[in-house]
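Let me begin by presenting the structure, written as structure tokens, before commenting on it.
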Protein chains: 2
Amino acid sequence: MTVLKKVTITTVANKAEVSVKTVSRVLNRETPMRDSTRDKVLKAINELGYKPSLAAVALAGRQSKMIGLVYSNISASYVMSIQTGVLKACSEEGCNLIIHPCDSESKSIITDIVNFAKNSHLDGVILIPPLCNKKGLVEALTEHEINVVNISPAIKSEKVPSVCCEDKAAVEVMIGELIEAGHSEIGFIKGDFSHGASLERLMGYKSALLKAGLQINESLIKQGNFTFESGKACGQDLLSMANRPTAIFASNDYMAAGVFASAYDIGLKIPNDLSVVGFDDAPVSRQICPLLSTIKQPIEKMAESAARLLIAKNKGRGNVSRHLSFSAELLYRESHKQHH
Amino acid sequence: MTVLKKVTITTVANKAEVSVKTVSRVLNRETPMRDSTRDKVLKAINELGYKPSLAAVALAGRQSKMIGLVYSNISASYVMSIQTGVLKACSEEGCNLIIHPCDSESKSIITDIVNFAKNSHLDGVILIPPLCNKKGLVEALTEHEINVVNISPAIKSEKVPSVCCEDKAAVEVMIGELIEAGHSEIGFIKGDFSHGASLERLMGYKSALLKAGLQINESLIKQGNFTFESGKACGQDLLSMANRPTAIFASNDYMAAGVFASAYDIGLKIPNDLSVVGFDDAPVSRQICPLLSTIKQPIEKMAESAARLLIAKNKGRGNVSRHLSFSAELLYRESHKQHH
DNA sequence: TTGTACGCGTTATCAA
DNA sequence: TTGATAACGCGTACAA
């Protein structure tokens, strides 16, 4: 069970009775090559439990085989999901991930990130909100020949590949169902507009109302900032209205939890007295009573795709800038119901 | 502004008119060395903006200046805090961090982690619960000459440095205050024992009861597994007892949130009808109503210290195994009060 | 106090 | 379709 001596490409080559170059070929799926040769090598690799040394691959290949994930003040669960997805792609593509937390409000943020990327010799970086919307950042990075891929940027750049989620469509459907369930006064709590998704979600709301032939009542739309506190404050505003809404859509789950709190305080029961829907499928949505109905982006998959886009770009394939789009999933739980 | 050709140690050596070995010496702070020589080299390094290639350092040297953080199925916020702390130490000590999520239940977990560490040429790894309690893992790692530091291990090994938190003491104080506030029937929800902290917290509970001259009523102690669902189930059990507790301590916040749900379902008001206290200061503790009183470990600081312990060990200093201990902080919020 | 030559484990070049 | 050998950028003996 103990692997004492290090097994290198040479070990494999000897065992398979071929040259190291041949082993390298099967590793990198180079063609053409005789099937029997490839099988011999594969067999040796398996028996030896051989894994290429990333450092050697990087050194010889003139790449660092490292990509960076840059993030700032944003929810832990979101970053973890992103990270998990990126890591999955990395391990499959033979890459290492370097994490770089930072403060998006810092004056020197652009220089910091550029330096980080240069100093670590990164092959590229992945940007997530709100950083991917930072004016000048992407330009500075590309100017220094650092590849970039954005996740959920507010606007899609021509030069930078990105992956995003069709938030608008998902919200539109969800609000549509609320309307069908008899709700006509539906409150909406907006998120911080440094996240592109905020506008998307708002548009989904408005679009659903319009499609149903309903008026858009601006007094039912409140500005939050994605925190529990802001959600609670907006909830209080909404629920203290003379003609209070029978349903509230919050642009994320933290704010929806805030609405729960505001309802709880004045004795309103969810979902009987008030329907609430959130967005994100954050942990809290499964840790409150009643369980929060929400919308879930396939964040891990999105992040994984973003990483693959970046790695492909590094490898020279897929030089074209691509934009991938995923659709969100509606999670029907316990916090909303028919209105009579 | 654009740096076109790559600058290597040779570039620096040429510019400073010394040999590469000399540059290498100043990079690694080797002595003795003439001050004027060092200055020349430093000057060249700065002017060229030279940064050593991590891949080359790892491949050629004994040290890679990379450490690993290995974690498995555990809460996002916990991992993020750990990560932030480790990263802080790393950036200050000139280290890189490689993240490695894995499945602690996997059959091949030990081999996987050893391979990961060898393969990435890591100088050492940081283990967190429940992985740091995995039988045989630490042994396998040290056998392969990979330094290890544990965070909150169930038992402190002689050979492996660790940092931990005095959970027992904190819980003891908190339960003591509940008792002073008039609670005599206090429920306790245990956590999963693959986390060393579970036992610590239970001991704190029992110790507080004993100190106050109270009996330990085993029927008031329920086994949870750190999830919301288990907390809710245990809460239901506890609250349906003939002589139900007036206060419940849950070994983490997710389970405390579960208790909130169980109370909510049967119309019990927190904190008026029931006091609830959790542990961890997880995001959910600030996203429910009323705000959850809880106990907070200085996770970031602990992680930072763990990383420094590891890096020191790598550098040869501090070869002795050390065990650092931190104390937890009691957060008094809204979910507990006097009992009459 | 400083320099030379070789090795680390891969990929790339050019033959065979 | 395969193989010998030179890079890749740095650390480490061993010399000077």
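Hydrogens, waters and symmetry mates are skipped; everything else that's a heavy atom, side chains included, is used. Each chain gets a letter, A, B and so on, in the order the sequences are listed, and its residues count up from 1.
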Looking at the base of dA4(D), is there any donor atom on it, or on the side chain of Lys21(A), that sits under 3.5 Å from an acceptor on the other one? no
I'd like to know if Arg25(B) reaches the base of dT2(C) with its side chain such that a donor and an acceptor end up less than 3.5 angstrom apart. yes
Roughly, in whole Å, what's the span from [atom1] in [X] to [atom2] in [N]?
| X | N | atom1 | atom2 | answer |
| --- | --- | --- | --- | --- |
| Met33(A) | dT1(D) | CE | P | 10 Å |
| Leu48(B) | dG9(D) | CG | C1' | 15 Å |
| Arg62(A) | dA12(C) | CZ | P | 7 Å |
| Asp39(A) | dT2(D) | CG | P | 11 Å |
| Glu17(A) | dT2(D) | CD | C1' | 15 Å |
| Lys51(A) | dT10(C) | NZ | P | 13 Å |
| Asn28(B) | dT12(D) | CG | P | 7 Å |
| Glu30(B) | dG11(D) | CD | P | 9 Å |

Does [X] reach a base, just sugar-phosphate, or nothing at all? Heavy atoms under 4.0 Å.
| X | result |
| --- | --- |
| Lys65(A) | nothing |
| Val18(B) | sugar-phosphate |
| Val23(B) | nothing |
| Thr37(A) | sugar-phosphate |

Looking only at the side chain of [X] (C-beta and beyond, no hydrogens), which of the listed nucleotides [options] gets closest?
| X | options | result |
| --- | --- | --- |
| Ser24(A) | dT11(C), dC10(D), dG9(C) | dT11(C) |
| Thr22(A) | dT1(D), dG3(D), dT10(C) | dG3(D) |
| Arg34(A) | dG11(D), dT1(D), dT10(C) | dT1(D) |

Any donor-acceptor N/O pair, [X] side chain to [Y] backbone, under 3.5 Å:
| X | Y | value |
| --- | --- | --- |
| Ser120(A) | Leu122(A) | no |
| Asn133(B) | Ser194(B) | yes |
| Ser53(B) | Ala56(B) | yes |
| Ser162(A) | His323(A) | no |

Under 4.0 Å between a side-chain N or O of Thr8(B) and OP1 or OP2 of dG9(D)? no
Does Lys15(B) come within less than 4.0 Å of Glu47(B), counting only side-chain N to carboxylate O? yes
